[in-house]
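Heads up, the thing below is written out as structure tokens.
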There are 2 protein chains.
Amino acid sequence: MNTKSGLLEPLESLSMTDRVENSLREFFTENAFKPGDPLPNEQEIAQRLNVSRNVVREALSRLRMLGMIETRPRRGMVMAQPDPLASIEKVLNPLILSQSSLNDIFELRLILEMGIADFLFARKTAKALDELELIVEKQKKLPLLSKEDEIEFHGKLYDMTGNETFQRFQSLLFPVFEHVFTSLSKPGGHAVIKDPVSHYDLFKILKEGTSEEFQQAMRIHLSVYYNTIKA
Amino acid sequence: MNTKSGLLEPLESLSMTDRVENSLREFFTENAFKPGDPLPNEQEIAQRLNVSRNVVREALSRLRMLGMIETRPRRGMVMAQPDPLASIEKVLNPLILSQSSLNDIFELRLILEMGIADFLFARKTAKALDELELIVEKQKKLPLLSKEDEIEFHGKLYDMTGNETFQRFQSLLFPVFEHVFTSLSKPGGHAVIKDPVSHYDLFKILKEGTSEEFQQAMRIHLSVYYNTIKA
DNA sequence: AATATTACATTTGTCCTACAAATGAAAAGA
DNA sequence: TCTTTTCATTTGTAGGACAAATGTAATATT
């Protein structure tokens, strides 16, 4: 009877593919593989790990998806440079993410929007400000801002930071917000939100104010949406 | 001769595995699959897509790694809830990330550290402040802060935000910084950095000051390290 | 008849073989 | 020496086989 054995742990329920994946990852770091370094071929890996080529290929397929390795048609495989955001992109399906994940992601966006203030003030140009002005002037005439309007304004802001990662991050995150809003604003039709801080206000502060003022204003601007979700 | 054809695009050089992966992802979203929903079995997928089971398994192996699907030993596969950060974790090998990725990640951390200010002031408790005080009091006596000390202080801050994603984010990002610092601080041995804003200062502001003051102070605190890297 | 046991069918995990396409290298020819 | 041809290597894809596991159906037992 094992019902009273001391240790009762789930232990190694990893599949062969999982273990090969780990072995390969370990192999890469142990041997300090750098981008461009050639990898042993599939058969050799299979033989050395004493598994079938199928299992090796399933593990390699994962690493290939992450961008860690590349295979040039018949020259074999080489180490590559993964794009950290590409991997997250594949998982950002609002329908299957947990509510807590969605909340965390929303908070992450709040932080980013406020955090880019310093970058905006450090890197803003007259030309970019003119382009932003066109956007807010157009939006001032609208009675209600659509999702596209929001994307246009906030996307332009990320654009002005000059940080490519931020831009991509926001384009990745937007579908998540879109889903959250549409799913939560359904019961009451379309709740018209009276914004205490409009896009035009933000623009004026960005043009003439300070980074601190901008952060404050952005916080208020976003808190409206934040409270909407929390309610 | 195709040398003068109008369009000259790389087109679809995707492997079957890539296309099956995309098809599956599309299939899931089109049919609004939610966690727990059962999936068709491998053979059926292979037949419907007219590919071999091997290819299907390679694609499924990727989705399984991302946590999108799970397979219970004999009952088949079901939709699961992926952890957005788990996928990025696998890729955070400082040796293979490009320099620009590392820079982007560092800027991202700067923004996060400054951005959590509001959350800290909104959610700080007397108990957490006491625990933080113990940390900074201990560190005040040290002539030089180790990586572990940095982790302890900043980790506690992320802890106090109550946002699990932030906590995990920082624990993921730390190895990257560790590598960057150790690789860059080697030539001159260990550069002693005189911090204009210490952990203790940050603690005092968090306890008695305002969110704005904290952000300012954190920016100065981190800029020291930032400049170290840039130099 | 109700329960316990057994047999079966289904599905994943793993292995094996085979072969086409591609491509660099080597061999053959001019 | 340079060009052309052949060959060997390696990945991509297909298909078959079988063990293990497990829910379900069938059978046996009390």
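First the proteins, then the strands, lettered A, B, ... as listed; each starts at 1.
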- line: Those residues at least two apart in sequence (or on a different chain) that pass side-chain contact (heavy atoms from CB on, under 4.5 Å) with Thr161(A) are Ile116(A), Phe119(A), Leu120(A), Asn163(A), Phe166(A)
task: Show the numbers, then the answer: is there a salt bridge (Lys or Arg N to Asp or Glu O under 4.0 Å) between Glu164(B) and Arg168(B)?
output: CA-CA 6 Å; Glu164(B) 202 177 322; Arg168(B) 295 200 39 219; 5.8 Å; no
Atom pair CD (Gln81(B)) and CE (Met68(B)), whose distance is rounded to the nearest 0.5 Å: 11.5 Å
message: In whole Å, I'd like the distance from the CZ atom of Arg57(B) to the C1' atom of dT12(C).
response: 6 Å
query: Checking only heavy atoms, does the side chain of Asn54(B) share a donor-acceptor pair with the base of dG12(D) at less than 3.5 Å?
result: no
Interatomic distance, Gln47(B) CD vs dG15(D) C1' [rounded to whole Å]: 12 Å
query: Should the ring pair His221(A) and His154(A) be called parallel, tilted or perpendicular, given that the plane angle runs from 0 to 90° and is split at 30 and 60?
result: parallel
Spacing of Met77(B) atom CE relative to dT10(C) atom P, expressed in whole Å: 17 Å
- prompt: Taking atom C1' of dT10(D) as reference, at what distance in whole Å does atom CZ of Arg72(A) sit?
  reply: 13 Å
Contact under 4.0 Å: Thr71(B) side-chain N or O vs dG13(C) OP1/OP2: yes
message: Once rounded to the nearest 0.5 Å, what's the spacing between atom NZ of Lys156(B) and atom CG of Leu134(B)?
response: 9.5 Å
message: Counting neighbours of CD on Glu131(B) that are heavy atoms of other residues, nucleotides or ligands and sit closer than 6.0 Å, is the number greater than 12?
response: yes
field: Ring-ring centroid check Phe33(A) Phe27(A), cutoff 6.0 Å
entry: yes
- request: Would you kindly give the CG-to-C1' distance between Leu60(B) and dG13(C), to the nearest whole Å?
  value: 13 Å
query: Which of residues 61-68 of chain A have a heavy atom under 4.0 Å from DNA chain D?
result: Arg64(A)
field: Whole-Å distance separating the CE atom of Met16(B) from the C1' atom of dT11(D)
entry: 14 Å
task: Report the distance from atom CD of Glu89(B) to atom OG of Ser87(A), rounding to the nearest 0.5 Å.
output: 11.0 Å
query: Using a cut-off of 4.0 Å on non-hydrogen atoms, how would the nucleic acid contact of Glu42(A) be classed: base, sugar-phosphate, or nothing?
result: sugar-phosphate
query: Does a side-chain N or O from Arg53(A) land closer than 4.0 Å to OP1 or OP2 of dC15(C), or not?
result: no
field: Atom-to-atom span, CD of Glu70(B) to C1' of dG13(C) - whole angstrom
entry: 17 Å
- request: Rounded off to whole Å, could you give me the CD-to-P distance for the Gln43(A) and dT17(C) pair?
  value: 10 Å
query: Can a side chain N or O of Ser52(A) be found less than 4.0 Å away from OP1 or OP2 on dC15(C)?
result: yes
Can you check nucleotides 6-9 of chain D for protein contacts, nitrogen or oxygen pairs under 3.5 Å, and list what you find?
none

query: Can you check whether Ser61(A) reaches Glu21(B) side chain to side chain, under 4.5 Å on heavy atoms?
result: no
